[in-house]
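Quick notes on the structure that follows.
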Amino acid sequence: VVAAYLPMPALAQSDDHGTHMSQAGLGQAYPATVNLSQDPNWLVYGFQRDGISYFQVNDLAGRVQLIVGNADGTFWILPAGETQVPVSLPGQPSPVPAKAVRSVIYRGSNFVLVRYNAGSSALWAIEGR
């Protein structure tokens, strides 16, 4: 009943698959939204605007590592964060470092975000489901 009296921006948004998406805070160190990460070493925040979903990955110090954009199954990486990190995208795969350890960071309804760690090198990858 109380939710009926709240303005629309105050209500949690969803991508229709149970993932809570925010409409503000993209690029912030600690946005006021739910951490969606499945790995305790990373923070993942979901945002949605004008039919486009964004997934921001921060380290535990709040530094933006990458932001993934997604519209109708097309993925891209925004130029965000202090350093450029290598990312493998569907349709533009990158080779996984030798002997890399795979960690699932986020599992969504239509993709999985993983990090392949190989000592001093790492590769982020968007993998289809």
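As the structure is a prediction and not an experimental result, all values here were calculated from the model.
Closest approach of Val85 to Gln65, counting heavy atoms only: CG2-O, 3.5 Å.
With values rounded to the nearest 0.5 angstrom, Ile126 atom CD1 is found 10.5 Å from Tyr106 atom OH. Annotation: the span from Arg115 atom CZ to Asn41 atom CG amounts to 9.0 Å, rounded to 0.5 Å. Rounded to the nearest 0.5 Å, atoms OH (Tyr30) and CG (Asn35) are 11.0 Å apart.
Using a distance-only test at 3.5 Å, with no hydrogens or angles considered, no donor-acceptor pair links the side chain of Gln56 to the main chain of Leu66. Formation of a donor-acceptor pair under 3.5 Å by the Asn117 side chain with backbone atoms of Val101 is not found in this model. Under the 3.5 Å distance criterion, the side-chain polar atoms of Ser37 are left unmatched by any main-chain donor or acceptor of Leu43.
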Go through the steps for Asn70 and Ile52 under the test side chain to side chain contact (heavy atoms under 4.5 Å, CB included), then give the verdict.
-> CA-CA 6 Å; Asn70 176 21; Ile52 299 174; over 6 Å; no

Decide side chain to side chain contact (heavy atoms under 4.5 Å, CB included) for Ile105 and Trp124; before the verdict, give the C-alpha distance in whole Å, the side-chain angles of both, and the deciding distance to 0.1 Å.
-> CA-CA 10 Å; Ile105 308 302; Trp124 292 88; 3.7 Å; yes

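By the 4.0 Å N-to-carboxylate-O rule, Arg102 lies close enough to Glu127 to be salt-bridged with it.
Under the 4.5 angstrom side-chain criterion for Ile, Leu, Val, Met, Phe, Trp and Tyr, the cluster partners of Leu123 are Val96, Val104, Val112, Val114, Tyr116.
Asp39 meets the salt bridge (Lys or Arg N to Asp or Glu O under 4.0 Å) test with no other residue; sequence neighbours excluded.
For the ring-ring contact (aromatic ring centres under 6.0 Å, His included) with Phe55, the lone residue among Phe111, Trp42, Phe75 that qualifies is Phe111.
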